[in-house]
Participant: 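My questions will all concern the structure given below.
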Amino acid sequence: MIEENKKKLKFSNYFHEVIIEELEKKFNVRGDEMFLGSRKKNFIQAKRMYIFVLRTIFELSLEEIGGITNLHHASVLYHYRQVEFFYKTYITDSETYKKIVSIIDSVTLDEKIDALEKQNRVNNLELTKLYNLKKRKNDKKRKELFA
């Protein structure tokens, strides 16, 4: 049915913003209005896709998603099942989901790259300190030998 993620991602405000931004573009809604109870079709579709993404990619519980979306866990389950059906039935829903997954994957890769670059800078600083320490010790030994 839906491709399984290799590793569970930890949901954060950063991922929330990325998902909301994509849903705003796709469904022509404002993120701050998405969970205010509108019954307009585009708001419902955006809300459902958001719930589906949180459940499938981040594996959040119904209660956790309900807390984020201000919905009862039974409503969350209903919306999730609707998108699950639409995902199998309509290509536009599956394409929207796949696009969001792709964006999350690229964001995750960007975060990993940034973390590795930061760690690389820390390692380079530490190496520089160690090389300088070694050079001072070697210089001190040379002075003792030739003195």
Participant: Between Glu63 and Val76, is there a side-chain heavy-atom distance shorter than 4.5 Å?
Facilitator: no
Participant: Can you tell me how far the CD1 atom of Ile100 sits from the NZ atom of Lys26, to the nearest 0.5 Å?
Facilitator: 9.5 Å
Participant: I'd like to check Val83 versus Val53 (side-chain heavy atoms, cut-off strictly below 4.5 Å). Are they in contact?
Facilitator: no
Participant: May I ask you to say whether Asp139 pairs ionically with Arg142, meaning some side-chain N is under 4.0 Å from a carboxylate O?
Facilitator: yes
Participant: Give, for atom CG of Asn138 and atom CG of Leu133, the distance between the pair rounded to the nearest 0.5 Å.
Facilitator: 9.5 Å
Participant: Are any of the side-chain heavy atoms of Arg55 and Ile65 separated by less than 4.5 Å?
Facilitator: yes
Participant: May I ask you to test the Arg81-Glu84 pair for a side-chain heavy-atom distance under 4.5 Å?
Facilitator: yes
Participant: What's the shortest heavy-atom distance between Thr56 and Glu59, and which atoms?
Facilitator: O-CG, 4.1 Å
Participant: Could you give me the CA-CA distance, side-chain angles and deciding distance for Lys41 and Ile44, then say whether side-chain contact (heavy atoms from CB on, under 4.5 Å) is met?
Facilitator: CA-CA 5 Å; Lys41 185 177 181 179; Ile44 298 287; 5.8 Å; no
Participant: Taking everything shown except Asn70 itself, do over 12 heavy atoms lie less than 6.0 Å from its CG?
Facilitator: no
Participant: Any chance you could measure Ser38, atom OG, to Lys47, atom NZ, to the nearest 0.5 Å?
Facilitator: 7.5 Å
Participant: Can you give me the closest heavy-atom contact between Arg48 and Tyr78, atom names plus distance?
Facilitator: NH2-CE2, 3.3 Å
Participant: Could you go through the side-chain contact (heavy atoms from CB on, under 4.5 Å) check for Arg136 and Lys140 one step at a time?
Facilitator: CA-CA 6 Å; Arg136 282 192 299 254; Lys140 185 177 179 183; over 6 Å; no
Participant: May I ask you to decide if Lys98's main-chain N or O and Ser102's side chain share a donor-acceptor pair within less than 3.5 Å?
Facilitator: no
Participant: Just how far is it from atom CZ of Arg121 to atom CD of Gln119, taken to the nearest 0.5 Å?
Facilitator: 10.0 Å
Participant: Rounded to the nearest 0.5 Å, what separation is found between the CG atom of Asn124 and the OH atom of Tyr131?
Facilitator: 9.5 Å
Participant: If I take atom CD from residue Glu21 and atom CD from residue Glu24, how far apart are they, to the nearest 0.5 angstrom?
Facilitator: 7.0 Å
Participant: Are the aromatic rings of Phe35 and Tyr50 close, with centres under 6.0 Å apart?
Facilitator: yes
Participant: Test side chain to side chain donor-acceptor pair (under 3.5 Å) on Glu17 and Asn13 and set out the steps.
Facilitator: CA-CA 6 Å; Glu17 294 299 325; Asn13 282 336; over 6 Å; no
Participant: Evaluate the side-chain contact (heavy atoms from CB on, under 4.5 Å) criterion for residues Phe27 and Met34: first the C-alpha distance (whole Å), next the side-chain angles of each, then the deciding distance (0.1 Å), finally the verdict.
Facilitator: CA-CA 10 Å; Phe27 295 105; Met34 195 180 308; over 6 Å; no
Participant: Find out whether Ile51 and Leu71 are in side-chain contact, i.e. whether some heavy atom of one side chain is under 4.5 Å from a heavy atom of the other.
Facilitator: yes
Participant: More than 12 foreign heavy atoms under 6.0 Å from CG of Asn42: is that the case here?
Facilitator: yes
Participant: What is the ring orientation for Phe58 with Phe11, classed by angle as parallel under 30°, tilted 30 to 60°, or perpendicular over 60°?
Facilitator: perpendicular
Participant: Of all heavy-atom pairs between Ile20 and Gly31, which one has the smallest distance, and what is that distance?
Facilitator: CG2-CA, 3.6 Å
Participant: Are any non-hydrogen side-chain atoms of Leu60 and Ile68 less than 4.5 angstrom apart?
Facilitator: yes
Participant: Among the clusters formed by ILVMFWY side chains lying less than 4.5 Å apart, do Val101 and Tyr14 turn up in the same one?
Facilitator: yes
Participant: Does the pair Lys25 and Glu22 meet the rule for a side-chain contact (heavy atoms from CB on, under 4.5 Å), with working shown?
Facilitator: CA-CA 5 Å; Lys25 287 188 273 184; Glu22 184 58 32; 3.6 Å; yes
